[in-house]
Amino acid sequence: MSRHGAARETSQLDRRLEALDEARQLADGALPDDTLDEVLQVLERASSRRSLSADHTVVGFFGATGSGKSSLFNAVSGAELATAAARRPTTSEPLAGVWGAEGSDELLDWLDVRTRHHATAVPGFAEESTGLILLDLPDFDSTRAENREIVQRMVGLVDVLVWVLDPQKYADAAVHNDFLAPLASHAAVTLVVLNQVDRLPEHEVRPVLESLKAILARDGLGKVQVLGASALVGTGVDKVRAAIRQVAMQRRALSQRLAADVDRASARLAAASGPGEAAGVRSGTRDRLSSELAVAANVPLVVDAVARSYRQEAIRRTGWPVTRWLVRFRPDPLRRLNLRRTGERPELNRTSLPPAGAPERARTDAAVREFADAASEGAPGPWRAVIRGAAREGREQLPDALDQAIAGTELKAGQRSWWWTAFNVIQWLGLLVAVGGLGWLGVLAGLGYFQLPVPEVPRVEGWPVPTVLVAGGALLGIVLALAARFIAGAAARARARAARRRLGASVDAVAQDLVVEPVELEVSRLKSFNAALKSAAG
């Protein structure tokens, strides 16, 4: 492989490992901890292995008791490095044959392999420059638990896996179900050797090999290289050596092994998550959420109070001066709700609105639930639960936050209208005219009472001017009062609409902070997770 190709493969592996780590972090709290722990172990193993010798290819020999694994290890090594025995367990701890000592000790320390042999050169197979480490490992079906643990650990650490099977147990479910099938993604770094073919009649060797290949294909390892060999008579040993040498000389086994680990970890995350993307926050569902929260927070009650408060204040300032003072005895609707206060910090305000009862809480819960269901539509099961949980997280804070938002909203209900002053001035002028007419009539009545000469009163169209003044002033006040009521009603409705908009904006801000943003964050996290997982999967 060219240096440029190796650099490109390393860069791609870096990117995939980073993406896998990003996906793992994004999935924290959404996917099961045991799945995330498995992925973390893959990342930690990759980091550790890449920090050690990249010039060595570690090849592990795995097999069941009686498969001739150690004998094949010796035959491939060209020396009696491993002790082969008829009694089980044949191998009790890992044994290493090393070609190329420089840099191997740290790697073998990490593998926890204490028994090491610096093997002599084998022409056409391994020299000092090859950088090859062969491991003879305990039997995977050993009766000793520590031996099985060693095998399980080494399966996750070596660069190349050589599975040594025998004609009697090559279809054993234990090796296929427990080891081979779960490592289907590692086909590029897996070699299967059917040992002891010398025990088969010559005409049965090919059918047995074909049978083994069919079983491996069902395990997802249809592209794995399968070789027949006999460590005892030397049949096929050269082919096994050639296959291992090719892997070692290409210097790609490490990156291929780690890439396969990333594939497997990505598939594990994908299986735990499930396919799909969340629908996300839509404007219609958000508007319904804000609308329902506004009703639950008594916004309609506040809007009505704004309208009534404005009408009451308008009548008090523009009504007939003779009767307008009676309005003062009516309580201000906004003041009763503690919403007409000045000079206070809005964040410290609290209203006197009725506290949320069971119907209001149920309405709030239903609105939040409906919003979360719509936003999580299409999301995989674990993420759907996370999105719904994010929506419910701020539910307990909603009543107090909504009350504070309403208290801090500038309602502008008491803001003076320009027409109040004009009406008020005319009302008082009309009242002065009426009072002037009454005074004039009073003077005339006094003169008549004391039998004094009563001057002739000017007339307009036959009506005495004082009487016209009294009637005109009173009629003007009444007409203006009625007109003011009509104008105040229209202006109150306009004020109520403006207050509704401002209160709606305040409620929407609370909904955004406590419900919408947490949901959007989780939806975005799922989207980023899927993107990272896709990148990690290559």
field: Test log, rule side-chain contact (heavy atoms from CB on, under 4.5 Å), inputs V158 and V59
entry: CA-CA 6 Å; V158 300; V59 180; over 6 Å; no
- Item | Stepwise side-chain hydrogen bond (donor to acceptor under 3.5 Å, both in side chains) test for D159 and T57 | CA-CA 6 Å; D159 301 329; T57 301; 5.1 Å; no
Residues K169 and T65: closest non-hydrogen pair is NZ-O, 2.9 Å
Next on the checklist: Check this for me: E210, atom CD, are more than 12 non-hydrogen atoms of other residues, nucleotides or ligands nearer than 6.0 Å?
Outcome noted: yes
Note: V386 and G29 closest approach over all heavy atoms is CG2-O, 3.9 Å
*State, with a plain yes or no, whether a side-chain heavy atom of V98 is found less than 4.5 Å away from one of L108.*
yes
Q. Would T115 and E93 count as having a side-chain donor-acceptor pair, cut-off 3.5 Å?
A. yes
Tell me, with the steps shown, if E522 and R525 meet salt bridge (charged side-chain N to carboxylate O under 4.0 Å, His left out). CA-CA 5 Å; E522 296 303 331; R525 184 157 72 111; 2.7 Å; yes
Here the pair of heavy atoms bringing T130 nearest to R251 is O-NH1, 2.9 Å
inquiry  = So that I can tick it off, tell me whether R286 and D508 are bridged by a salt bridge, with the cut-off set at under 4.0 angstrom between side-chain N and carboxylate O.
reply    = yes
Test: R241 and D238 ion pair at under 4.0 Å: yes
> Under the 3.5 angstrom rule, does the side chain of T235 hit a backbone N or O of A231 as a donor-acceptor pair?
Replying inline: no
Here the pair of heavy atoms bringing V193 nearest to A229 is CG1-CB, 3.8 Å
- Indicate yes or no: at least one non-hydrogen side-chain atom of V281 is less than 4.5 angstrom from one of V523. no
Spell out, as yes or no, whether a donor-acceptor pair under 3.5 Å connects the side chain of Q196 to the backbone of G66.
-> yes
**Message:** Please determine whether side-chain hydrogen bond (donor to acceptor under 3.5 Å, both in side chains) holds for the pair S185 and D263, giving the CA-CA distance in whole Å, both sets of side-chain angles, and the decisive distance to 0.1 Å.
**Reply:** CA-CA 7 Å; S185 59; D263 286 339; 5.8 Å; no
| task | For the residue pair E22 and F529, establish whether any side-chain heavy-atom pair is separated by less than 4.5 Å. | result | no
Taking side chain as C-beta onward, heavy atoms only, is D403 less than 4.5 Å from I406? no
Separation between CG (L269) and CG (L20), nearest 0.5 Å, reads 6.0 Å
Beyond-backbone contact of F125 with W99, side-chain heavy atoms, under 4.5 angstrom: yes
Between the side chains of S273 and W383, does any donor sit under 3.5 Å from an acceptor?
yes
Decide yes or no on side-chain contact (heavy atoms from CB on, under 4.5 Å) for L398 and V368, but give the supporting numbers first. CA-CA 10 Å; L398 275 174; V368 172; 4.0 Å; yes
Is the shortest side-chain heavy-atom distance between E292 and T364 below 4.5 Å?
no
_Counting only heavy atoms not in E202 (residues, nucleotides, ligands), do more than 12 fall under 6.0 Å from its CD?_
no
Here the gap from N195 atom CG to D166 atom CG, rounded to the nearest 0.5 Å, amounts to 8.0 Å
Tell me yes or no: between the side chains of S67 and Y170, is some donor less than 3.5 Å from an acceptor? no
Rounded to the nearest 0.5 angstrom, the CG-CZ distance for L111 and R153 is 7.5 Å
Going through the distances and angles, do D112 and R114 end up as a salt bridge (charged side-chain N to carboxylate O under 4.0 Å, His left out)? CA-CA 6 Å; D112 196 22; R114 294 184 295 273; 3.5 Å; yes
(request) Could you check E370 against R288 for salt bridge (charged side-chain N to carboxylate O under 4.0 Å, His left out), going step by step and ending with a plain yes or no? (result) CA-CA 9 Å; E370 180 185 356; R288 284 197 299 273; 3.3 Å; yes
When rounded to the nearest 0.5 Å, the distance separating OG1 of T190 from CZ of F179 is 13.0 Å
Tell me if the aromatic rings of F62 and F140 count as close, with their centers under 6.0 Å from one another. no
>> Quick one, R363 with V295, criterion side-chain contact (heavy atoms from CB on, under 4.5 Å). Give me CA distance, side-chain angles, the key distance, then yes/no.
In response: CA-CA 9 Å; R363 187 163 194 156; V295 174; 3.4 Å; yes
Exercise. Below 4.5 Å, heavy atoms only, C-beta onward: do I244 and V160 meet side chain to side chain?
Worked result: no
(request) List the steps, then state whether salt bridge (charged side-chain N to carboxylate O under 4.0 Å, His left out) holds for R116 with D105. (result) CA-CA 9 Å; R116 311 167 186 180; D105 288 339; 3.4 Å; yes
Query raised in the report: In terms of heavy-atom contacts, does NZ of K527 have more than 12 from other residues, nucleotides or ligands at under 6.0 Å?
Result: no
Ion pair D261/R257, N-O distance below 4.0 Å: yes
Of all heavy-atom pairs linking P380 and L526, the shortest is CD-CD2, 3.8 Å
- Query: Is it true that the side chains of Q41 and D37 contain a donor and an acceptor less than 3.5 Å apart?
  - Reply: no
For this session: Evaluate the criterion side-chain contact (heavy atoms from CB on, under 4.5 Å) for residue pair V113 and L107; output intermediate values, then yes/no.
Result: CA-CA 9 Å; V113 177; L107 178 55; over 6 Å; no
task: Using a strict cut-off of less than 4.0 Å between a Lys/Arg side-chain nitrogen and an Asp/Glu carboxylate oxygen, indicate whether D21 and R16 qualify as a salt bridge.
output: no
Rounded to the nearest 0.5 angstrom, the CD1-NE2 distance for I133 and H117 is 13.5 Å
Measure from the side-chain N and O atoms of K69 to the backbone N and O of L137, and report whether any donor-acceptor pair falls under 3.5 Å. yes
Check: Is there a side-chain contact between L165 and V192, using heavy atoms and a 4.5 Å cut-off?
Finding: yes
- Query: Between the main-chain N or O of D287 and the side-chain N or O of S290, is there a donor-acceptor pair closer than 3.5 Å?
  - Reply: no
Between the CG atom in L135 and the CE atom in M154, the distance rounded to the nearest 0.5 Å is 6.0 Å
Under 3.5 Å, is there a donor on one side chain and an acceptor on the other for R15 and S535?
yes
Q. If only atom types and distance count, is the side chain of S77 paired as donor or acceptor with the main-chain N or O of F73 below 3.5 Å?
A. yes
Tightest non-hydrogen contact, residues A248 and L132, listed as CB-CD1, 4.1 Å
